[in-house]
Number of protein chains: 2
Amino acid sequence: MYTLSLMPSKPLSASARAYEQLRSEILDGSIAAGSTLYEVEQASRLGVSRTPVREAIGRLVAQGLVEPGGGRGSVVTDVSDQDVESLFEMRACLEAQAAQLAALRGKRSVFVDFAEEFRSAVPVLRSPSLDKDAVRDYYGLIRRFDEAINVAAANPYLVDAMEGLRTHVARVRRKAGSSPERLTASALEHALIASAIAGGDTALALHATHVHIHNSLEHFRQAFAGLGNPA
Amino acid sequence: MYTLSLMPSKPLSASARAYEQLRSEILDGSIAAGSTLYEVEQASRLGVSRTPVREAIGRLVAQGLVEPGGGRGSVVTDVSDQDVESLFEMRACLEAQAAQLAALRGKRSVFVDFAEEFRSAVPVLRSPSLDKDAVRDYYGLIRRFDEAINVAAANPYLVDAMEGLRTHVARVRRKAGSSPERLTASALEHALIASAIAGGDTALALHATHVHIHNSLEHFRQAFAGLGNPA
DNA sequence: GTGTTGCGCTATGTATACACTCAGCCTCAT
DNA sequence: ATGAGGCTGAGTGTATACATAGCGCAACAC
């Protein structure tokens, strides 16, 4: 019997592989912001021809991770301080709306459970022996929570936009790192949002999300302060 | 001396031409929703090779105008009643936010002028001898207004998202048609929004936009009612 | 010594050729 | 007559070949 989860259900196309790899390398910083991607170079590096690479780069450009370099390659975009401000302004708007919709339409029991999960994450994150796995688990929890909100909000346009934004948020997060203090605060904020949704309290869901995004932005502002980001 | 506006500054690439043409044909209905686009077929029709067509279709898929047909061609998406609801829910959120930001950051004189323009459009649109040119002019005015809000909101993520949405709104608009009543109401609503922005009244800009989108949706709901749209 | 012109290299844009998949149908065996 | 199996052709996915444009460098003229 095959181990199903490890057996790729589909032998991913070359374009898809090229896209996934370039994307993850940009997100985790293996390809630094400002680097120039040349089609031939990437094609040989990734072991595919130029065609899939072109397609992959096209998608990255559409996502805003890369921008056309005027004929000569495509350069990996950077995340400026101004971008972070704009990004979070937009996030506040969308995530708050999504939370509100989730409170209106979502399956309450799901969010009761999430509230509990977030609450029980707090002591773990606060503990001084906080290790990477715990942090990764916490990000996984957030990911599942976001997913649940996507489902509950039941608005494909909204979901698409939020997913697009999350890509950029991931870059910001990685640039800024995280502190145990911020993580515990985050968990408490999420717990409140989840409770609000679970209780069908649309206004509280909206406002708690707004507060959460605001605090998150404030954290990043402080993290970036003084390390001289380009405008 | 060249007539600058008619002189294409750049000899648009084949991909770009393919994209523009397919896009406009989908938007104006020349290519009906539900049609299947085959790469070879479109390539020969548009007089280019498959490569630019692939790229064009890729972009259309990313925009949601077309969806992959499981290996065999890509089908032009339709706009269901549910899509319209989701679309306007999202629009309300984004455009309201944009109007609020414009009220906060925009150059007031610009919006004073727009308010005046919208007010003076009312009698024209109300007139019984309303012709197509007047309607087109009015849509042009809206377009310029949207553009001004884009600039004033000064948030690239927000602008991108709204532009993406407007593509779909254009399809809805064309499907529903317009009535003189709705157009005059629309002009008045826009005038109010413009005034609110001009006056720096963020709350009013937000709420007036919300109301406007709501009324617009209501109009489309009525237009679609009874003509049996697919879910 | 400096400015200019032309050549060549490189990287993209486009076309085409090749490989592979899948659906539909036809045939043959039972 | 009917079902299974293979064939065929259309269509996509990928590779490669060809065209073209821009930049740098070098050489030559002044």
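In what follows, chains are A, B, ... by sequence order, proteins preceding strands, each numbered from 1.
- Aromatic ring orientation, B:F145 versus B:F114: perpendicular (interplanar angle above 60°, classes split at 30° and 60°).
- In this model, a donor atom of one side chain and an acceptor atom of the other lie less than 3.5 Å apart for A:R23 and A:T167.
- The distance between atom CZ of A:R17 and atom C1' of D:dA15, rounded to the nearest whole Å, is 13 Å.
- For B:H168 and A:Y157, the distance between ring centers is under 6.0 angstrom.
- Looking at A:N150 and A:E163, their side chains do bring a donor and an acceptor atom within 3.5 Å of each other.
- Side-chain N/O atoms of B:S15 include none lying less than 4.0 angstrom from OP1 or OP2 on C:dG13.
- Note: CG (A:L12) to P (D:dG13) measures 13 Å, nearest angstrom.
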Can you check nucleotides 16-20 of chain C for protein contacts, nitrogen or oxygen pairs under 3.5 Å, and list what you find?
none

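- Between A:R182 and A:E218 there is no salt bridge, since none of the side-chain N atoms of the basic residue sits less than 4.0 Å from a carboxylate O of the acidic one.
- Salt bridge present: A:R143 and A:E147 bring a charged side-chain N and a carboxylate O closer than 4.0 Å.
- There is no side-chain donor-acceptor pair under 3.5 Å between A:R91 and A:S86.
- Rounded to an integer number of Å, the gap from A:R54 CZ to C:dT14 P is 7 Å.
- Here the C1' atom of nucleotide C:dG13 and the CD atom of A:E39 are 8 Å apart, to the nearest Å.
- Atom C1' of nucleotide C:dA15 and atom CG of B:L46 are separated by 15 Å, given to the nearest angstrom.
- A salt bridge is absent between B:E41 and B:R50; no separation between the charged side-chain nitrogens and carboxylate oxygens falls under 4.0 Å.
- In this structure, the side chain of B:K175 does not engage the main chain of B:F220 through any donor-acceptor pair within 3.5 Å.
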Could you go over nucleotides 20-25 of chain D and give all protein N or O partners under 3.5 Å, atom names and distances?
from	atom 1	to	atom 2	distance (Å)
D:dG22	N2	A:R72	NH2	3.3

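- Note: OH (A:Y19) to P (D:dT14) measures 16 Å, nearest angstrom.
- For the contact set between residues 57-68 of chain A and DNA chain C, defined by any heavy atom under 4.0 Å, there are no members.
- For the pair A:E55 CD and C:dT14 C1', the interatomic distance rounds to 15 Å; values are reported in whole Å.
- Using modelled atom types, one side-chain atom of B:D83 and one backbone atom of B:S80 make a donor-acceptor pair closer than 3.5 Å.
- Side chain of A:V48, nearest nucleotide from C:dT14, D:dG13, D:dA15: D:dA15.
- The CD-C1' distance, from A:E41 to C:dA11, rounds to 11 Å in whole Å.
- The backbone N or O of A:L206 lies less than 3.5 Å from no partner atom in the side chain of A:H210, so there is not a single donor-acceptor pair.
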